Amino acid sequence: MPLDGGGTKVGRNVDFVGARVVDPSLALDGIRTVVVRNGTIAALLDRAPAASDTSARRIDCAGMVLCPGFIDPHVHLREPGDSHKETLATGLTAAAAGGFTAVAAMPNTRPPIDDGQRVRQLLRDSAAVAAVRCYPIGAVTVAREGRALAPLRSMAAAGAVAFSDDGACTTSLKVLFHAALLAADLPMPFLSHCEDPSFAGAVIHEGETSDRLGLPGSPSLSEAAIAARDILVAQTTGKAWHLCHVSAETTIGVLEWARAQGTRVTAEVTPHHLQCNDEMLSSFDARCRVNPPLRSVQDVAAMRVAVRRGTISIFASDHAPHSEEEKEAPLSHASPGFSGLEVAVAATFDALDGLPLATMVANYSTNVAALLGVPGGSLQVGSPADMTALYLDRPWTVDPTLFVSKGRATPFAGRRFKVRPAMTVVGGCVVFNAAAPTQALPAPAGR
Ligand code: DOR
Ligand code: ZN
Ligand code: ZN
């Protein structure tokens with residue numbers, strides 16, 4: 001039976017038949033039929049029910065790997081304030097096209113998400129425009145300025161899943177310490193952007209390439225020093241902590257030290273820090289400008305080892321779209337960051353070829369759901385039917401002109417990858433189907 005044509009809504013009673021189902025939360029890797037009723041996982045069957053047994057829709061998933069829905073814990077959606085870079089609709093549709101059933105949105109919008117009312121607004125606005133779930137991350141400090149504490153409790157009550165001043169680190173140690181003390185009993189983790197503010201204005205990793213090009217750089221120390229600072233705050237306060245976009249080998253050493261101390265701290269890595277290095281800026285290509293910067297070949301290798309060892313157990317795109325003009329400016333003026341959602345999964349699998357599939361899936365789903373305390377990450381009976389289907393060997397070439405995202409800059413343009421999202425399912429509804437990639441759907445009713 002063909003895939004549901006054109007990505008149309010298939011209803012919430014569906015049998016997904018014949019996929020290789022990989023669910024690390026259930027230690028499951030085998031051919032199954034996933035039975036979905038009312039948007040919820042109702043059963044995982046060894047064989048497909050006879051067509052006469054059920055009035056539910058059947059979708060043939062032969063040749064696909066079907067997993068708990070991928071959750072991106074770190075995206076920038078730009079609304080409110082910068083809809084010329086991205087809107088909630090384009091960003092969340094890009095997420096569906098990239099295989100994500102949910103994302104967590106960073107608060108560096110204009111105005112920033114720094115009170116309960118803005119958290120509620122983002123929940124409402126995102127649910128109105130797209131099916132992919134959007135979880136707000138609240139700012140730690142008012143306007144992300146690092147001075148006054150934001151109302152963490154009211155943001156938590158409104159639905160914030162974490163707190164972060166991402167885009168910059170929380171500059172004042174005093175404020176960060178008091179914020180962590182105050183929020184120590186809340187389950188929502190703090191997410192650190194680790195860059196020492198004294199290196200603001202850097203356009204590249206500080207090392208041999210920056211020396212050769214004469215460009216202002218930000219060294220690994222800038223990241224590792226703030227990581228160590230924030231881990232000490234976590235140790236002192238007992239607050240759950242997570243390091244965003246780890247990029248430097250030195251930071252891995254700091255993380256290992258923290259783990260040895262028994263500190264509760266997790267870390268994420270982006271596909272670009274697993275794939276790209278500072279030599280890509282040799283031609284002053286502003287498309288490759290990002291914070292933290294692309295680092296050395298050795299750092300990239302260290303990121304891959306850190307995932308293999310489990311020191312890093314979460315993947316994040318750090319989707320940070322900008323307009324063409326903002327990315328085509330000279331390097332010193334170009335905005336840092338690039339569009340990540342539609343290439344993240346393929347680029348991550350490519351970087352970590354040979355890693356067990358269950359680990360790859362856990363790092364994109366089960367571990368992220370656990371970090372953020374959100375539903376999903378498992379196909380256990382009774383869970384929401386949020387699923388990501390992948391083709392593991394369907395080579396394709398990255399063409400940013402085909403992105404759904406408004407952001408077209410990516411260091412992966414022209415790269416050829418094997419893994420490709422096949423289908424994205426939220427609450428039992430197919431919201432992306434590679435058979436009709438330009439289509440995406442509004443939020444399913446009654447989610
Ligand atoms: O490169 C980046 N871009 N790093 C960040 O931390 C923020 C992001 C953005 O919002 O553009
Ligand atoms: Zn950041
Ligand atoms: Zn970010």
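Numbering starts at 1 and runs along the sequence shown. Only this structure's heavy atoms are used, side chains among them; waters, hydrogens and symmetry mates stay out. Atoms within each ligand, like the ligands themselves, are counted from 1 in listed order. On a predicted model such as this, the values are computed, not experimentally measured, just so you know.
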(request) Please confirm whether the backbone N or O of Leu274 pairs with a side-chain atom of Arg304, one donor and one acceptor, at under 3.5 Å? (result) yes

Return the closest protein heavy atom for [atom] as residue, atom name and distance.
{"atom": "atom 4 (N) of ligand 1", "value": "Asn291 O, 2.9 Å"}
{"atom": "atom 11 (O) of ligand 1", "value": "Arg78 NH2, 2.8 Å"}
{"atom": "atom 3 (N) of ligand 1", "value": "Pro336 O, 3.1 Å"}

Less than 3.5 Å between some nitrogen or oxygen of [X] and one of ligand 1, yes or no?
{"X": "His245", "answer": "no"}
{"X": "Asp318", "answer": "no"}
{"X": "Ala168", "answer": "no"}
{"X": "Gly337", "answer": "yes"}

(request) For the Zn ion (ligand 3), find the closest N/O/S atom on Asp166 and give its atom name. (result) OD2

(message) Please confirm whether His319 approaches ligand 1 to less than 4.0 Å, judged on its heavy atoms.
(response) no

(request) Angle at the Zn ion (ligand 3): provide the value between OD1 of Asp318 and NE2 of His76, rounding to 10 degrees. (result) 90°

(message) the Zn ion (ligand 3) and His193: any N/O/S contact shorter than 2.8 Å?
(response) no

(request) Identify the two heavy atoms, one from Pro421 and one from Leu390, that lie closest to each other, and give their separation to 0.1 Å. (result) CA-CD2, 3.9 Å

(request) For the Zn ion (ligand 2), decide whether His74 has an N, O or S atom at a distance under 2.8 Å. (result) no

